[in-house]
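These notes are about the structure you will find just below.
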Amino acid sequence: MSNPATTRQGYRINVRASLRAIVGWFAEVIGAPAIIREFEYVDPITNEAVYLSTGTRYSVLHVGDKRYFFERLTGRFDGTGQLLEERVADRLELLN
């Protein structure tokens with residue numbers, strides 16, 4: 001016979017999973033932006049770091065030297081860019 005505590009725990013897990021699926025489906029239908037937290041991941045094969053930083057206006061995905069800017073509230077892609085220091089260094093190399 002199964003343990004009642006285990007059965008209740010399994011039931012709770014199933015209910016939570018179902019609620020998350022319903023909320024996710026509804027958010028997709030109304031076009032709500034995804035909520036994403038800052039993270040960092042280092043690829044063990046290439047040793048390349050990928051991370052996400054957030055600010056007041058933008059979420060920035062960093063992949064190697066590239067930066068991909070997304071509007072924080074809408075989640076829309078806004079463009080790519082480099083840090084000011086990198087642009088200055090590139091300009092100095094061109095002048096040499």
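Residues: numbered from 1 along the sequence shown. Please read these numbers as outputs of a predicted model, since none were measured by experiment.
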Query - Value rounded to 0.5 Å, distance of CG in Leu61 from CZ in Arg67 - result: 10.0 Å
Requested in this report: Just grab all the side-chain hydrogen bond (donor to acceptor under 3.5 Å, both in side chains) pairs involving residues 12-38, residues at least two apart or on different chains.
Outcome: Glu38-Thr54
**Report entry** Cluster overlap Tyr68 with Val50, hydrophobic side-chain contacts below 4.5 Å
**Finding:** yes
Query raised in the report: Donor-acceptor pair, Arg72 side chain versus Phe70 backbone, under 3.5 Å?
Result: no
Query - ILVMFWY network linking Tyr58 to Ile36, side-chain heavy atoms under 4.5 angstrom - result: no
Query - Leu19: hydrophobic cluster co-members (side-chain, 4.5 Å) - result: Tyr11, Val15
Query raised in the report: In terms of hydrophobic clusters joined by side-chain contacts under 4.5 Å, are Phe69 and Tyr51 together?
Result: no
Report summary line: Contacts of Glu48 meeting side-chain hydrogen bond (donor to acceptor under 3.5 Å, both in side chains) (sequence neighbours excluded), chain-then-number -> none
Query raised in the report: Any chance CD1 of Ile45 has more than 12 other-residue heavy atoms, nucleotides or ligands included, within less than 6.0 Å?
Result: no
